[in-house]
Amino acid sequence: MLKSKQRIGLITRRQSKSVAHRMKSTFSEFYKPTDDELKAIWKDSLFVIDANVVLNLYRYPGTVRDDLLKSLHKVGDRLWMPFQAAFEYQRKRLDVIAEQKKAFDTIKNELTSSVSKMQALFSARHPLIEQGTLVDDVKKLVNEYVEKLQPLSDKQPAVHESDKIRDEVDRLLNGRVGPEPSKEVVENLCADGSDRYERKVPPGFMDSKKEDVFHFRGVRYEAKFGDLLLWRQVLDHAKGIGCKSLIFITDDTKEDWWQITSGKTIGPLPALKAEMKTAANVENFHMYTTESFLRFSEQHFKTKIDPQTINKVAKINEATKENYTYNLISNIRRKRNDGYVIEISEISRIKRAEIRELIHSSVISIMPSDSFILVDTGSDVELHTMIDDFNEEVANALMSLPGVSGVRPLKSKKHWRSYSSNLTYLTPEENELAGARRLFDMRVSLGPSEDIDPPKVANWIKMVLGRELQAIEPRDMRRFSTTIIPQGLGVTIHVPLLYREAQHIRTSIAILEGVDDVQLIDSGGWRS
């Protein structure tokens, strides 16, 4: 028979274990799964992948891409992608391809520009500073490196070429993509998203600054609600199939997905784990980045992964994250600028033509060539642009150029005016056809003023068209053509538009200085 003290001690230990069990079961979202629990999760879990996982396939070297696809194939029929993720992949695919192709041109332009800057720098040197063979040596090294880049650039797929990576993705996800949501479902989720974001309910609230809007099959999508749409589709699918364990693979590393403490990523946010349990009855929810998924794939699936693969994935994903962070900061700081006045030093020893070339090389390394105009006034050089995310990066780059003595914001010489013509907006009949699109042409008449520079006005019109169509279709679908006509411009838009969209674009063009009138012409083509 146990002594009384021993019995009390035994009861206390039992109570302690019971309390500890109740604590963990009550707050399970705050506990990381044990090794045994992870083994069970990997054995039975549904694996859900985000768009960024497959988009990064275009950024990875061939060996890394093969390793990732091999690991994903190991999951077999337990792999699934929400419609929202698949839609974002298809919508952004060509942008990523173009981005990777452009990276080679950017490097080549930067290197070539650095040689030009060095030459210009020595042209304005102090008499005691000798150039020697430095410029020639650097130029030789740059040329050799550019030659080595060319074969790699040639291998990089272009937007108009067949996409073997997408073929692989199609095979991987054949029959494993979620159903398309209805217009009503998307609208309701976006309305709910506004309330969630105000209360900082994850996921997606860190995208609340995004302003992109696009349409697909008659449904209006707001980019800021993309993560929320994806999340709700995952919840619905998991509940529908009675899933008890779910692993989400994503390279989105923002704090509306992950619990991050002192710079350390602990795991998915407890709030997400809680909603997954209450809304979908999923007992075990875990998340991995591609890097961590590959590490655990080796362990649980016995997948042979190249030792360098995981390091390369980590480096590329880090670079992608830094680029996202920069773009987010640019959007937050965004302010409407017409451009900059670039002041040229009167005592510069560099020829003016060389300075203009340096300015052009510097700007084109940051902005698309069709998004700005340089105007040499004879004293200064004006940089005109209408892109929305124009920021101080351009000014800093210009200030570092030899021969440039200052950079200041451009006070617009354009006199914007309100468009007084009567505009016809959607009729009830047009509203009923909101799901259908037509092709429209425009006839832009220029004003009679002798001060008007038709080519310059035409460039502004092209910029406006590029900007406005970006909000309607993906970048690869922003298609239009312009033709000079007597006292004006003929514009053919090759993208099907709703009537209200066409009227909005018409108004945006009509307010430009030098534009007298814009006629909207229905070209007769319809597309549902």
Side-chain angles (χ1 to χ4, degrees), residues 102 105-126 129 131 135 138-139 142 323 326-327 329-416 451-467 512-514:
K102 183 182 177 182
D105 295 332
T106 300
I107 291 293
K108 288 189 288 187
N109 291 337
E110 282 289 328
L111 291 173
T112 305
S113 175
S114 66
V115 174
S116 299
K117 291 177 183 178
M118 186 176 290
Q119 287 174 325
L121 185 63
F122 277 105
S123 297
R125 70 185 187 278
H126 188 280
I129 301 176
Q131 173 180 333
V135 174
V138 171
K139 188 174 183 180
V142 166
N323 184 55
Y326 171 77
N327 288 333
I329 292 171
S330 296
N331 285 332
I332 293 172
R333 291 179 180 174
R334 181 166 57 190
K335 52 187 178 182
R336 183 57 183 270
N337 253 337
D338 292 310
Y340 286 122
V341 175
I342 306 158
E343 300 170 353
I344 307 301
S345 173
E346 295 181 3
I347 59 173
S348 173
R349 299 185 182 184
I350 310 174
K351 294 181 180 178
R352 194 173 185 86
E354 292 178 359
I355 295 177
R356 285 199 306 268
E357 180 60 33
L358 286 173
I359 292 171
H360 184 271
S361 298
S362 181
V363 177
I364 205 172
S365 68
I366 303 172
M367 300 164 58
S369 59
D370 60 352
S371 66
F372 67 91
I373 304 171
L374 290 175
V375 179
D376 191 339
T377 64
S379 55
D380 302 318
V381 175
E382 295 179 352
L383 168 61
H384 296 264
T385 182
M386 289 189 72
I387 66 173
D388 285 340
D389 58 354
F390 190 56
N391 56 69
E392 62 269 22
E393 181 189 7
V394 178
N396 292 337
L398 293 172
M399 278 297 298
S400 66
L401 297 178
V404 173
S405 60
V407 177
R408 67 178 190 274
L410 175 65
K411 300 298 182 182
S412 176
K413 296 181 179 179
K414 301 187 304 299
H415 301 290
W416 298 81
D451 297 331
I452 289 175
D453 181 357
K456 185 175 180 180
V457 176
N459 279 331
W460 283 111
I461 291 171
K462 291 176 184 177
M463 288 185 196
V464 170
L465 283 167
R467 182 191 64 190
L512 291 173
E513 184 190 19

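Sequence positions, counted from 1, serve as the residue numbers for this chain.
For Ile344 against Ser405, the heavy-atom pair with the smallest separation is C-OG, 3.8 Å. Across Glu343 and Asp380, no two heavy atoms sit closer than the pair CA-OD1, 3.5 Å.
Atom CD in Glu354 sits 9.5 Å away from atom CD in Glu357 (nearest 0.5 Å).
In this structure the side chain of Ile359 reaches within 4.5 angstrom of the side chain of Leu398, judged on heavy atoms.
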